[in-house]
Structure formats: structure tokens, C-alpha cells
Amino acid sequence: MDNNNNNKNINNNESNNNKDNLCDIDDKNKIDDENVLYRLSLNPNKGGLQNVDKEKINKIIYEVSKGSAFFKNAKEKEKAHFEKIKEIKKKYLFLKNQPMEYEKQQMKNIMNKMESDRDLSQYIVHVDMDAFYASVEELDNPELKNKPMAVGSKSMLSTANYEARKYGVRSAMPGYIALKLCKNLIIVPTRFERYHELSHQIRNIIANYDPDYCPASIDEVYLNITNFLNDNPNYTPSKVTEELREEIYKQTRLTASAGIAPNICSDMNKPNGQTELKNCTDEILKFLKDLPIGKVSGIGKVAEKTLNELGIKTCGELKENMVYIKELFKPSSYQFLLSASLGLGRTKIENKWKRKSISVERTFSNTSEIQKLEDKLHEISCKLANDVKKENLKGKSVTLKLKTSSFEILTRCLTISKYIYQQEDLYKVGKKVKFIYIIFF
DNA sequence: TACATACAC
DNA sequence: TATGGTGTATGTA
């Protein structure tokens, strides 16, 4: 009997354990996959419209993606990140149990110093075109208006109009997945020349308010309107920004959104809106207090998740935890996060951009034929030589980047003694980096 | 210098 | 059928 009972107990325990283990594995996989979805930037929570059925959208995206090599690769990366987070968490818990009195005082001093250096004299405006590519397509083809539409291809979308965003369609989403979310979605191909043309037009308008404006991308500009305000005392920052946006609309029939702030710029009121943050420390800190850290430019999916795992979700919480961040992160990350937590952005707009690299990359279907790879190398070296010639550049470091069929990215780099710029030389050096093929065969 | 990772758009 | 292209910064070895 005893034996039997014992056996039974053991059996029960074992089966319970097994069951628990299975549950754990199932749950863990489920959580992992959710994390992967989030990592893929397909989480509709971020940016865009709020009134989307997030659950439904995520489910569709998951069903389409889950078996793919792309998803598998993302999952591997997610696992690696999870390990890193575990380490950081461990250190964090340890630090949390320390008094850290000295460090806390030190952090207070650092913050006070930075606070007293805060420059509130400059009025910086960040102008951002609404769904730029999509809006340009609607402009040139009004029939597309009020219909769900995205710019790109079945493989990849650049932008979606607001009608399409209601279905969860987003930039950086493959078109074929977008079509599952919205079967009436119209996908139009990109026309970069046209976007550049309008971008140029928009920058000319902006130059009237600050000739030293700084383009941040094809559809985004930073400008300093302090001088303009001094020269035109009857204007307020809001009024300048309104007029500027109106002028853009008048001349291009495209809408822009803007953030006005002394040192932190945000696009809280999109589309076709603007938000002003007064040049006043209290208002800046109040704004930051509940601002999700992921909204800060420079904090992407990885950093956001790392911080979230430490229980830090807002800039206010970030500020409160800076003592620990200083110990847990690398100096430059710490410096960046410290500035972000205080809302210290740029107060100087500089547009002395100097190119540091130039590149060409092409994605092609899976192959392991050397000839095809060499043909590709030839193709990109031609395009690169062309671009290099246009800008009168030369270089002596050549990097070859390879994406495998499992979406792993490998780079191999070779630095040579003299500067080159001709296609033949680029191709030759590219071929020299051939041990990249060895990985294959 | 070589390579990887993160980030923005 | 199918998950891009260009450029920058930074950490690590």
C-alpha cells in the first residue's frame, strides 16, 4: 500500500511536473511570439490611430507571419535580447537593495547642473509632413482619397494613408500582409522623384522662416524661428508655425504637423495639427512626466523593452531611476537617457551635414549559385560607382553586406591603402571580400 | 580595423 | 511568392 501510494505520489508528481513544464513551455512560446510581434514594429499601439482592433490585427499578422524564416530570425534575436535583459534585471535588483545615498546625491547635483544650463532662449520647430508619400499620391490622383491606400509593393510598404491605418496597415509592413488586413487596399508604387520635387518645394517655403533650417529626412525639417520672431514682433511661435503650415498647404495642397518646443520636439497632434510646449521648465517636465519612453526619438523597440522590463515606462519614471540607469547602461546611453529624461533636446539647429558613407543594397530571391551572387555584386558596384561619381566621392573602405535566406545579416569589410571610386575597382575589392562566399559553401 | 547591433525614416 | 534601402552612432574585440 505504502509502496503503491508512494508510487502514485511519485507518478502524480511526475505527471504534474510534466504538465507544468508543458504549460510553461506553451506559455513561454506564446509570450515569446507576442514579443516577436512587438519587435517587428507591427504593434499597432505605436503611433497612428487608436481606434484599431489591436487584438484582431495582431492575430492576423501573427497567422501570416509565424511560419516564416523572417519571424524565426526575429524570434532568435528576441531570445538573445531576453538574456541580456535578465542580466540587467539581476544587477538592477541588487542595486535597488543598496542605499546608494552618495550616488543619489550625485545624480541630484548632475541634474541640477543640467537644469541650470537649460537653454530656454530658442524657439525650435519640427515640421513633419503627414503620411507624405501617400499624400503625394492622393494629390496626383484624387480618386485615391478616402480609400485605403498604401505606397510600396506587395513585399514592402513605405507609407499608408489614414484610411488604411484604420485597418492596421502601416509603414514597414509587407504589402501582402497588409492585404490580409484590408482586402480593398490599393497599393501604388513609389515615385521618389516626385516626392523629392515636393520636398524641395516645401523646404523653399521653410527657408523663408529660417534660411539655416535643417532637413531631417525627405519629409521632416527642424528650424529655429527665434530670429524670425525677433524680426517680426507681432508673431507668436504658434502663429509662425500655423502660417508656415498654411503656406505649405497653399503651395502644395499637402498637410504638415509640427511641434514647437525649446528643446524637445514631438508630434502629438497628427495629422494636420501642431503642439506647442512653452519655453518653461515646469511645462516641459509636466509634459515629460507621463510621456511613454518609446515616444522619444532614439529609443527604439529594444531600448524601450529593456527599460519597460525594469518597470520604467515614462520619461518621468526614467528621471526617477537615473541613478540606476547610470550604473546599468553604457556611458553614452546613460548620457542620452539623462538628457531625454530632462527633456533636453537640441537648441541649436545645424545643417552642416557631411556624408560618411555611401551604399547600395538589393534584396534578391534565395540562391546559392556563385555566378548569381557575382552578378549581383556587379550590379550593385555599377550603381554604387554611378552614385559615387555623381557626388564626386572616393573611399578606401569597402563593406560587403550579405543577408542569408534565414535573414541573418553578415558584413565583411576590407580597407585598402588607396582611395577608389571606379566601378572596376569597387567590384574588384568587393570580390576580394569573397570569404563571404565561404560561409556558404 | 573589423564586425555586430540599434536606430530613424 | 513574398519582410526594403540609406545612413549614422556605438560597443567590443
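In this text, all values refer to a predicted model and were calculated from it rather than measured experimentally. In what follows, chains carry the letters A, B, and so on, assigned in the order in which the sequence lines appear, proteins first and then strands, with residues in each chain numbered from 1. These numbers come from the heavy atoms of this one structure, side chains and all, not from hydrogens, waters or symmetry mates.
Closest approach to the E220(A) side chain among dG7(C), dT3(C), dC9(B) is made by dC9(B) (side chain taken as heavy atoms from C-beta onward). Minimum atom distance to the side chain of C413(A) is reached by dC3(B), of the listed dT10(C), dG4(C), dC3(B). Of the candidates dT12(C), dG4(C), dC3(B), the closest approach to any side-chain atom of T363(A) belongs to dG4(C). Of the candidate nucleotides dA6(B), dT6(C), dG7(C), dT6(C) has the atom nearest to the side chain of K401(A). Distance from the side chain of R39(A) is smallest for dA6(B) among the nucleotides dT3(C), dA6(B), dT6(C). Comparing dG5(C), dA4(B), dG7(C) by their nearest atom to the side chain of R412(A) picks out dA4(B). The listed nucleotides are dT3(C), dC9(B), dC3(B); the one nearest the side chain of M156(A) is dT3(C). Among dG7(C), dG5(C), dT3(C), the nucleotide with an atom closest to any side-chain atom of S65(A) is dT3(C). Listed candidates were dA2(B), dT3(C), dC7(B). Nearest to the side chain of F70(A) is dT3(C).
Under the 3.5 Å distance criterion, with hydrogens and angles disregarded, no donor-acceptor pair is assigned to the side chains of S406(A) and N73(A). For Y195(A) and E137(A), the side-chain atoms include at least one donor-acceptor pair closer than 3.5 Å.
What separates CD1 of I85(A) from C1' of dA6(B) is a distance of 14 Å, to the nearest Å. Atoms CD1 (I88(A)) and P (dA6(B)) sit 11 Å apart, rounded to a whole Å.
At a threshold of 4.0 Å, the pair E78(A)-K301(A) does not count as salt-bridged, since none of the basic side-chain nitrogens sits closer than that to a carboxylate oxygen.
Rounded to whole Å, the separation between the C1' atoms of dG4(C) and dC7(B) comes to 16 Å.
K354(A) comes within 4.0 angstrom of the backbone, heavy atoms only, and of no base. Using a 4.0 Å heavy-atom distance criterion, F71(A) is classed as making no nucleic acid contact. Backbone-only contact: K356(A) has heavy atoms under 4.0 Å from sugar-phosphate atoms and none from a base.
Not a single donor-acceptor contact under 3.5 angstrom links the side-chain atoms of S68(A) to the base of dT3(C).
With both pairing distances under 3.5 Å, dA8(B) is matched to dT6(C) as a Watson-Crick or G-U wobble pair.
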